[in-house]
Amino acid sequence: MNLDFTQVFANQFVITPNAALDVPGFDRMMLGDWAVFVGPDLPHLRLSDRRGHAQAVLLGLASDGGDTLIAQDYLADLDRGDPGYDSAVRDRAEALVGRWLLLALPGGHAPDLPARLYCDAGCTLSAVYDPTTRTVASTLNMALGRAPIPNPVIPPDRVQAGEAVYTLSQTPDAHVRLIRTNHYLDMTRFEPVRHWPRSPLPACPDPQEVPNTIAQDMRRSLSNLVLAVGARRNLVLGLSGGRDSRLMAAALGPVLGRIRMVYGHATNFMTRVDVMLGQRIAETLKVPYRVLDTDDPDHVAPRPFAIRQARRAFAIATGGFGTILTEDVLGLTRHLPPGAVLLRGGLLDISRAVWWRGWPKRRTQLGTGEAEQMLNLVSGHAQMLNTADSPLRTQYRAWRKTLPPDRLKLIHDYIFLEFFYPASWQRYYGTQGGFCLCMGCDRALIDAFLSVPVETRFSAELQQDLVRALSPELADIPTHFELRQHLRDMRS
């Protein structure tokens, strides 16, 4: 197939007790009994405590909410011998913003405690783990040293046929599971343990103050992350006519000049409509905008063999999760600056309650049965939930019990955060063009969004008000949904 291992898995990793393992082209670090192998394109740091003991490894890019990336001294004011050390590390992990994983050893005062693997607020540096080999890795193919054993609960052929998706941390393999948002992985028992949320949901501000209050929080969080990452790496921003894209551009207004390239990709009629709206937003915000168009005379379309290779590389890199992005297949991402960080809207869509679609107007009154119906929609396996001993039903009920009582009214949001996001971000290990960074991976910001009533978020009223508060000049630019609907009406 002529595919290079190091290139295909360049932004991936393996964490294993097998120190003798050899992963070609990867950096190797030891942390206690764990060997951590990291691909050449995945940022990583070793963190030490006050006494210089190596206590943690950070994979990915993260800040503590400020405008600089965390450095090797992030834990240097803590002493592993202090009784409160492990709680302090947990607090530090929960404060991180960005796309990251943190493997942390226990403090010396309690050596029998397990090492813990924490993830970002959306588990966007997604990972899988195999309890049978005590291995954690970025993707299925990096985790397995054997052929996959087909998952009997959610059969891979159903997923490939588009009849189901992987949910409840399931993967194509019978034994391997996905890391779960808001949980750390106990590296001794190899089980997820909830650590967030630990406090009641914040009270929603006065309705008149909601847009301004959240807009300020959002601008601070997103802008600081751009300043932090942009000081070290080239940033690129895909800007279209979508709601989340426009909201992100509105929030980043004052720091858009730090982004090297703002662009849109055009491959057909509807994406060209998106690009037209993206151009209008960029012009309004006075930033240059580049169109990557397959019809551009300067664009050389990849040959059929290259397209097949791109699809093969994606399938191998992701281990069977998702489909390759159109812009990757058609070679548009090769026009991006090398080694770039690609900013994506990601978790901003929780501001419009995307996982509540299809529910009646009284969306906040949820019973167990309704939540399980929602799980049916997520998994596509309604028939597997209709029996009392269904594995999915049992796993779902066990997970539901871990949520604090005041969060149960937001159960669809937590299904979205804790099951959909870890699975959906597996595909970005196969993305070409750079390291993808999800904007909005900030636990405090997510809680601010969740404090707003579901009806307000679901109607898109919150997003509209946020755009007006952040960049009122964008408020009258239609979204691609509105423009597409107008075009359909004209045709009918």
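Computation of the quantities below employed the complete heavy-atom set of this structure, encompassing side-chain atoms and omitting hydrogens, waters and symmetry-equivalent molecules.
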Ignoring hydrogens, what is the shortest heavy-atom contact between [X] and [Y]? Give both atom names and the distance.
X	Y	result
Pro211	Ala469	O-CB, 4.1 Å
Phe37	Leu21	CZ-O, 3.1 Å
Val97	Ser221	CG1-OG, 4.2 Å
Leu101	Ala127	CD1-CB, 4.0 Å
Gly345	Met248	N-CE, 3.6 Å

Using residues 275-283 as the side-chain source, report each donor-acceptor pair under 3.5 Å to any protein atom, sequence neighbours left out, with the distance given to one decimal.
none

So how far is it from Met187 CE to Ile15 CD1, rounded to the nearest 0.5 Å?
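The distance works out to 5.5 Å.
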Quick one: does [X]'s side chain have a donor or acceptor within less than 3.5 Å of a partner on [Y]'s backbone?
X	Y	result
Ser245	Gly241	no
Arg50	Asp77	yes
Arg457	Leu450	no

Do Arg290 and Asp296 sit within salt-bridge range, that is, some charged N less than 4.0 Å from a carboxylate O?
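No, no charged N to carboxylate O under 4.0 Å.
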Is any NZ, NE, NH1 or NH2 atom of the basic residue among Asp86 and Arg116 found under 4.0 Å from an Asp or Glu carboxylate oxygen of the other?
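Salt bridge: no.
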Do we see a donor-acceptor contact under 3.5 Å between the side chains of Thr333 and Asp328?
yes
Within-4.5 Å side-chain heavy-atom neighbours: Thr267 and Glu327
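Result no, sub-4.5 Å side-chain heavy-atom pair not found.
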Do Leu410 and Phe416 come within less than 4.5 Å of each other through their side chains, counting heavy atoms only?
no
Only counting residues at least two apart or in another chain, list the ones meeting ring-ring contact (aromatic ring centres under 6.0 Å, His included) with His195.
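Residues passing ring-ring contact (aromatic ring centres under 6.0 Å, His included) with His195: Tyr118.
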Apply side-chain contact (heavy atoms from CB on, under 4.5 Å) to Thr124 and list each qualifying residue two or more places apart in sequence or on a separate chain.
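Only Arg99, Asp120, Tyr421, Trp425, Cys438, Cys441 meet the side-chain contact (heavy atoms from CB on, under 4.5 Å) criterion with Thr124.
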Could you pull out all residues at least two apart from Arg80 that satisfy side chain to side chain donor-acceptor pair (under 3.5 Å)?
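Partners of Arg80 under the side chain to side chain donor-acceptor pair (under 3.5 Å) test: Gln55.
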Set of residues satisfying side chain to side chain donor-acceptor pair (under 3.5 Å) with respect to Trp399, sequence neighbours excluded
Glu418
Tabulate below the donor-acceptor pairs under 3.5 Å that side-chain atoms of residues 223-232 make, not counting sequence neighbours, or state none.
residue: Ser223; atom: OG; partner: Arg219; partner atom: O; Å: 2.8
residue: Asn224; atom: ND2; partner: Gly65; partner atom: O; Å: 2.9
residue: Asn224; atom: ND2; partner: Arg220; partner atom: O; Å: 3.3

Please determine if Arg92 forms a cation-pi arrangement with Tyr74, meaning its NZ or CZ atom is less than 6.0 Å from the six-membered ring centre and no more than 45° off the ring axis.
yes
